[in-house]
Amino acid sequence: MSDDLLKKVISHAKEYGYIFPSSEIYDGLSATYDYGQNGVELKNNIKKYWWSSMVNMHEDIVGIDAAIFMHPKTWKASGHVDAFNDPLIDNKDSKKRYRADVLIEDHIAKIEAKITKEVAKGLKRFGDDFNKEEFLKTNPNVLRNQAKIDEINDKMRDAFNSEDLGNIKALIEELGIACPVSGSKNWTDVRQFNLMFSTEMGSVAEGSNTIYLRPETAQGIFVNYLNVQKTGRKKIPFGIAQIGKAFRNEIIARQFIFRMREFEQMEMQFFIKPGTQKEWFEKWKETRINWHKALNLGEDNYRFHDHLKLAHYADAATDIEFNFPMGFKELEGVHSRTDFDLKAHEEHSGKKLQYFDPQENKSYVPYVIETSIGLDRMFLAIMSSSLKEEALEDGSTRTVLKLPAALAPTKVAVFPLTKKDGLPEKAREIINELKFDFNCLYEEKDAIGKRYRRQDAAGTPFCITVDHDSLNDNTVTIRDRDTMQQERVLINDLPKIIGEKVSLASLLKKLESREAAIV
RNA sequence: GCAGAAGUAGCUCAGCUGGCUAGAGCGUCAGCCUUCCAAGCUGAGGGUCGCGGGUUCGAAUCCCGUCUUCUGCUCCA
């Protein structure tokens, strides 16, 4: 049922020019999608809403646009190189996945346990006369086991150094390591899992350096923290925002645009005085959920999911989850990242990344609260919660994409009721007035009702129809997408009427008054 | 990666006991009609039946291989 909804969203998104499978004429590329003529407008509008609300409406937040390529040391400092570079192996029976090196190390640990046991036995037998070092050097059982360990370690080191994954698998088989879950020794080949996409910098193959496409935008902010703080003369607390693409080699990238290998993030890192992170964390949690709720996608569609198990760098973390067609899933993360990142960059770069606090009269590395939202996920949240099929009184149904008006790709469609009698010309005149403020669309083909329905499905919030009376009294009808109600208004009043309902400014004002209600 | 399902027109699908030039509905385009909620009329365009091979006089249909997509399993925004 909900799978059905996701399917409907996917096909609707394609049919109305929102999202196409990437490289479709070549059969597509797995989990990669292109945004179409309407998709790019919606996406841009989401970005504008986020950017305006974060950067323009908060005096203490500024934006940057850091490069996707970054110095390789960045990823050493952030932990991405070490944490996401593992040889993986699957057990075919239990379907469990393990790190190959961990499996071998666990095996070694078992042998070590035997030695420990042997030592305990020795201690019991010889009592106070027991010489542990001597025992370890002479006891034949210990020696045999230690030799085994040394041999395994040697082989493992060779295999890892030569990066020969086949040897690693051979070693696992040779040791007879079984899956702890299924107990079977039915293993797949060992595969290297690299979270980061690598490429080469430098046009000649030799002498070029391996660099990575960033797996998150946050590090671009951290490495620029001091630049922004100094040149912007920023005082703590302040934030740096950024919208940009990031790349991750997901093991499994699926569920439409929910999890892609190439995706876009909207992140803000807020730098604060150590010790104040609790209050700021709460503040940003509230601010962000409020941002979401101002869009009216349904209050019930959101929930917080607080992390109990925290990453090594975080001292608090929560997800804002959204009720996607696949269920509640993470849409945005709010994390209290402590000073982990800046400290790591201090160590790796050798540069001081401290802030002198005149009030405290001392320097410190700021703590950081991060808000990080997936732009593509936001897109999916909006699309999936906006797509409705309505049963009408006459028994027919209509498909309507109830996008938040301020985010809709096309704001107004203008129709001449018929194709002659000067109505098309009048309609064009109206568009020529409105086009400077709003994305407009002209349509004269097909019966008027059909044109309305087409715009409903495309998500256009308003349709204006020029009829014969329009020529005499300069009035038109304006139809609301959601209520299907029509109103007769003066052409001159159109910019004001439409502006109130569809402009980003009016949405931001609404957001601001909601935000004022938060302490 | 493993397991399962599916690939025929832009979309949804029929055709699959092998046999005329591969069809329908919707959509698209052109013309007629001139009408305020998808449904009037006329016509047009659009398909190497995912790809490759085999069996056969003959393959969308049977066999083999292959590719792609979708769904589940772990991590994340």
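Each chain gets a letter, A, B and so on, in the order its sequence line appears, and its residues count up from 1.
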> Which value, in whole Å, describes the distance between the C1' atoms of nucleotides B/C67 and B/C51?
7 Å
> Heavy atoms under 4.0 Å, any strand shown: does A/Thr465 hit a base, just sugar-phosphate, or nothing?
base
> Taking pairing as Watson-Crick or G-U wobble with both contacts under 3.5 Å, can you name the mate of B/U17, or confirm there isn't one?
none
> In plain terms, say whether A/Asp315 and A/Arg337 are close enough for a salt bridge, that is, a side-chain N and a carboxylate O under 4.0 Å apart.
no
> Using a heavy-atom cut-off of under 4.0 Å over every strand shown, decide if A/Arg248 touches base, sugar-phosphate, or nothing.
base
> Any donor-acceptor pair under 3.5 Å between the side chain of A/Asp467 and the base of B/C36?
yes
> Between B/C16 and B/C63, how many Å separate the two C1' atoms, rounded to a whole number?
14 Å
> Using the P atom as the reference point in each nucleotide, state the distance between B/A3 and B/A59 in Å, no decimals.
33 Å
> Decide yes or no, distance alone: a donor-acceptor N/O pair under 3.5 angstrom between the base of B/C37 and the side-chain of A/Arg479.
yes
> Please give the distance between the P atoms of B/G52 and B/A38 as a whole number of Å.
45 Å
> So which nucleotide does B/U71 pair with, by the Watson-Crick or G-U wobble rule with both distances under 3.5 Å?
B/A3
> Send over the distance from A/Lys445 NZ to B/U28 P, rounded to a whole Å.
7 Å
> What is the pairing partner of B/G46, taking Watson-Crick or G-U wobble pairs with both distances under 3.5 Å in any strand?
none
> Per the atom types in the model, does the base of B/C11 pair as donor or acceptor with the side chain of A/Glu15 at under 3.5 Å?
no
> Does either side chain, that of A/Trp284 or that of A/Thr371, offer a donor lying less than 3.5 Å from an acceptor on the other one?
no
> Are A/Lys419 and B/U34 close enough that a side-chain N or O sits under 4.0 Å from OP1 or OP2?
no
> For B/C11 and B/U48, measure between their P atoms and round to the nearest Å.
13 Å
> Quantified in whole Å, what is the P atom distance between nucleotide B/G53 and nucleotide B/U69?
23 Å
> Give a yes or no on whether the ring-centroid distance for A/Phe258 and A/Phe256 is below 6.0 angstrom.
no
> Sticking with atom P, work out how far B/G31 lies from B/G50, rounded to a whole angstrom.
36 Å
> Partner of B/A60 by Watson-Crick or G-U wobble geometry, both contacts under 3.5 Å, or none?
none
> Going by side chain to side chain contact (heavy atoms under 4.5 Å, CB included), A/Val412 matches just one of A/Leu441, A/Ile431, A/Ile464. Which one?
A/Ile464
> Do A/Thr287 and A/Met54 have side chains that get closer than 4.5 Å, going by heavy atoms?
no
> Looking at B/G10, which nucleotide sits across from it as a Watson-Crick or G-U wobble partner, both distances under 3.5 angstrom, or is there none?
B/C26
> Roughly, in whole Å, what's the span from CZ in A/Arg377 to P in B/C75?
14 Å
> Expressed in whole Å, how much space separates the C1' atoms belonging to B/U61 and B/G23?
15 Å
